[in-house]
K.L.:
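If you scroll down you'll find the structure; I have some questions about it.
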Amino acid sequence: LIKLLKGQLKVNRIALENTDIVIIRDKQGKFNFDPIFESPMFKTDQEKEAEKAKKEQESKDNEDEKTNPLDLLLTSTQLHNCNITYIDEQTNMTVKLLKTSFDMKSFKFDNSFKIDFFTDVYLKLNDMEIESLNVALSAAASLNEMDLTTAEIQIVSFILRLKDDTTIVTKGTISNFNNPKANLSIKISDLCSQSLLSIMELPEFKVPEIDIQTLTNVNLDNSLVTIQKLDVTVLDSTINATGNLNYGKEELEYDINVVINFILDKIHDVTKLINPYNPTGTIQANLNVTNKSTVVSGNVSLFNICAFTP
């Protein structure tokens, strides 16, 4: 009680275990929980306006009074083995988060806190069906007393695993929530046609590893994305891109510079379609891609290109 009077609130643990949650939106756009908010226990608009006016008056009366913000410490928040289902009858979509676990430790507004999350995602949208997408996140976050310009999330590991074949691991930081800056490292392992079969049919292929390094700034006020660095490495070939995207207009505006160094000798084992031709050599390109013109400008150089007719 003494700590509460001093503006300090400590909650040791909030936990939810072995729970099934189902959210449904029907064809008319109404949710299955709407009747709860329509019950008399919730205030009418007139009552809300009266309470708002009262609070504004009290704020004016105490304008010179100093108040301290609540110092909240939430020691542990946990979900364990919970299933969350969302059914949208308007779009014919079903999303299930199965065996979901969430653990947030030592939450405070002025210190860093840890987040661990795991779930197994099932998604069905019309004819597309993803039966198993494992999602795991381990991160540390700092809100810096809700100063969003200095808030930061440190992604220790964000892992997506599709059908026990393809794995995507992301690490890095996201800072300044007002105008986010993302510095990320992404590794894709064993990308193959079998993993994507439920999403689209593609010729048989398998890429053992793709490395991506990106540094991106987003100006939310101007709807502008600045790509300072996007480096992709696959089978010793590289793609490097920089540029800008503006998503605030009626049509997406973009101006991207792309440098490509593509080594043909390394792609023989990617797909059986290429093997008979046994291509060799190197393709290098420096290109500019923009929405202002339908033509990609730049130059392309070919070195020691060779292929065989089966």
Side-chain angles (χ1 to χ4, degrees), residues 14-27 31-33 76-105 114-141 153-174 182 184-214 230 232-235 267 269-273:
I14 297 176
L16 195 62
E17 298 184 5
N18 303 319
T19 302
D20 292 328
I21 301 172
V22 180
I23 302 172
I24 301 174
R25 185 173 76 156
D26 63 23
K27 294 181 179 180
F31 290 92
N32 57 334
F33 53 76
S76 177
T77 302
Q78 296 178 331
L79 296 179
H80 179 66
N81 198 31
C82 294
N83 299 318
I84 304 170
T85 301
Y86 173 66
I87 301 172
D88 193 324
E89 296 179 351
Q90 282 190 331
T91 60
N92 195 28
M93 178 178 69
T94 300
V95 180
K96 296 181 180 179
L97 305 182
L98 305 174
K99 302 177 182 178
T100 301
S101 295
F102 174 81
D103 189 3
M104 182 171 65
K105 296 179 180 178
K114 295 181 179 180
I115 300 171
D116 290 293
F117 173 79
F118 172 82
T119 191
D120 191 4
V121 180
Y122 167 86
L123 169 65
K124 182 174 176 58
L125 178 60
N126 298 321
D127 296 331
M128 184 184 74
E129 185 175 22
I130 300 176
E131 296 181 357
S132 180
L133 174 63
N134 300 133
V135 180
L137 169 67
S138 179
I153 294 179
Q154 177 74 38
I155 302 173
V156 179
S157 66
F158 177 47
I159 302 173
L160 302 177
R161 182 174 288 107
L162 186 60
K163 277 194 171 182
D164 295 325
D165 293 318
T166 301
T167 303
I168 304 172
V169 180
T170 301
K171 299 179 180 181
T173 58
I174 300 175
L184 303 175
S185 172
I186 304 168
K187 178 175 287 188
I188 305 173
S189 301
D190 297 326
L191 179 63
C192 61
S193 52
Q194 185 64 31
S195 296
L196 303 175
L197 189 60
S198 60
I199 303 174
M200 63 184 76
E201 290 189 13
L202 295 169
E204 184 179 348
F205 75 92
K206 185 172 183 177
V207 181
E209 189 170 286
I210 301 172
D211 286 316
I212 303 172
Q213 303 288 332
T214 180
L230 177 59
V232 181
T233 303
V234 52
L235 298 171
I267 66 174
D269 297 330
V270 171
T271 174
K272 294 179 180 179
L273 294 176

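What you are looking at is a predicted structure, and each value in this text was computed from that prediction instead of being measured.
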K.L.:
Quiz question: by atom type and distance under 3.5 Å, do the side chains of Ser185 and Gln213 form a donor-acceptor pair?
P.N.:
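Note: Ser185 and Gln213 side chains meet the donor-acceptor criterion.
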K.L.:
Would you indicate whether the side-chain heavy atoms of Phe205 and Ile267 approach each other to under 4.5 Å?
P.N.:
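No, their side chains stay 4.5 Å or more apart.
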K.L.:
Report, as yes or no, whether the 6.0 Å neighbourhood of atom NZ on Lys124 holds more than 12 heavy atoms from other residues, nucleotides or ligands.
P.N.:
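More than 12 within 6.0 Å, yes.
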K.L.:
Please check if atom CG in Asp127 has more than 12 non-hydrogen atoms from other residues, nucleotides or ligands closer than 6.0 Å.
P.N.:
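Atom CG in Asp127 is not packed in, count stays at 12 or less.
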K.L.:
Got a second to check how far Asn32's CG is from Ile87's CD1, nearest 0.5 Å?
P.N.:
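Separation between the atoms: 9.0 Å.
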K.L.:
How many angstroms lie between NZ in Lys27 and CG in Asn92, if you round to the nearest 0.5 Å?
P.N.:
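The CG atom of Asn92 is 8.5 Å from NZ of Lys27, to the nearest 0.5 Å.
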K.L.:
Can you name the closest pair of heavy atoms from Asp120 and Phe118 and give their distance?
P.N.:
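Closest approach of Asp120 to Phe118, heavy atoms only: N-CE2, 4.5 Å.
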K.L.:
Nearest 0.5 Å, what's the CD-CG distance between Gln78 and Asp103?
P.N.:
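CG of Asp103 is found 4.5 Å from CD of Gln78.
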K.L.:
Nearest 0.5 angstrom please: Thr214 OG1 to Ile212 CD1, how far?
P.N.:
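These two atoms lie 8.5 Å from each other.
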K.L.:
Could you check if a side-chain atom of Glu89 sits within less than 4.5 angstrom of a side-chain atom of Ile24, using non-hydrogen atoms only?
P.N.:
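Sidechains of Ile24 and Glu89: in contact.
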K.L.:
State which residue, out of Thr100, Ile130, Asn134, Leu133, fulfils the side chain to side chain contact (heavy atoms under 4.5 Å, CB included) condition with Val121.
P.N.:
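Of the listed residues Thr100, Ile130, Asn134, Leu133, the side chain to side chain contact (heavy atoms under 4.5 Å, CB included) partner of Val121 is Leu133.
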K.L.:
Taking the side chain as every heavy atom from C-beta outward, state whether Asp165 and Lys206 have any atom pair closer than 4.5 Å.
P.N.:
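Heavy-atom side-chain distance check fails, nothing below 4.5 Å.
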K.L.:
Taking the side chain as every heavy atom from C-beta outward, state whether Leu123 and Met128 have any pair of such atoms under 4.5 Å apart.
P.N.:
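Counting from C-beta outward, Leu123 and Met128 do come under 4.5 Å.
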K.L.:
Taking C-beta and beyond as the side chain, do Ile168 and Phe158 meet within less than 4.5 Å on heavy atoms?
P.N.:
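In short, these two side chains do not touch, never coming nearer than 4.5 Å.
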K.L.:
Mind checking whether Ile159 and Ser138 have side chains closer than 4.5 Å, heavy atoms only?
P.N.:
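Side chain of Ile159 against side chain of Ser138, heavy atoms only: no contact under 4.5 Å found.
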K.L.:
A side-chain contact here means heavy atoms from C-beta on lying under 4.5 Å apart; do Tyr86 and Phe31 qualify?
P.N.:
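A side-chain contact exists here, since the closest heavy-atom pair is under 4.5 Å.
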K.L.:
Can you name the nearest heavy-atom pair linking Asp88 to Gln90, along with the distance?
P.N.:
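Answer, listing the atom of Asp88 first, then Gln90: OD1-N, 2.9 Å.
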K.L.:
Which heavy-atom pair separates Thr170 from Ile155 by the least distance, and what is that distance?
P.N.:
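Shortest heavy-atom contact: O-CG2, 3.6 Å.
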K.L.:
Can you confirm whether more than 12 heavy atoms, excluding those of Glu201, are under 6.0 Å from its CD atom?
P.N.:
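Result for CD/Glu201: open.
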K.L.:
How long is the straight-line distance from CG of Leu202 back to SG of Cys192, given to the nearest 0.5 Å?
P.N.:
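Those atoms lie 10.5 Å apart.
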K.L.:
Looking at Glu129, I'd like to know if its CD atom is crowded, meaning that more than 12 non-hydrogen atoms belonging to other residues, nucleotides or ligands lie closer than 6.0 Å.
P.N.:
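Atom CD in Glu129 is crowded, with more than 12 foreign heavy atoms closer than 6.0 Å.
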K.L.:
Roughly how far, to the nearest 0.5 Å, is the CG atom of Leu137 from the CD1 atom of Ile153?
P.N.:
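If I round to the nearest 0.5 Å, the distance is 8.5 Å.
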K.L.:
For a quick test of reading the model, state the closest non-hydrogen atom pair linking Ser193 to Pro203 and the distance between them.
P.N.:
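Closest approach of Ser193 to Pro203, heavy atoms only: CB-O, 3.5 Å.
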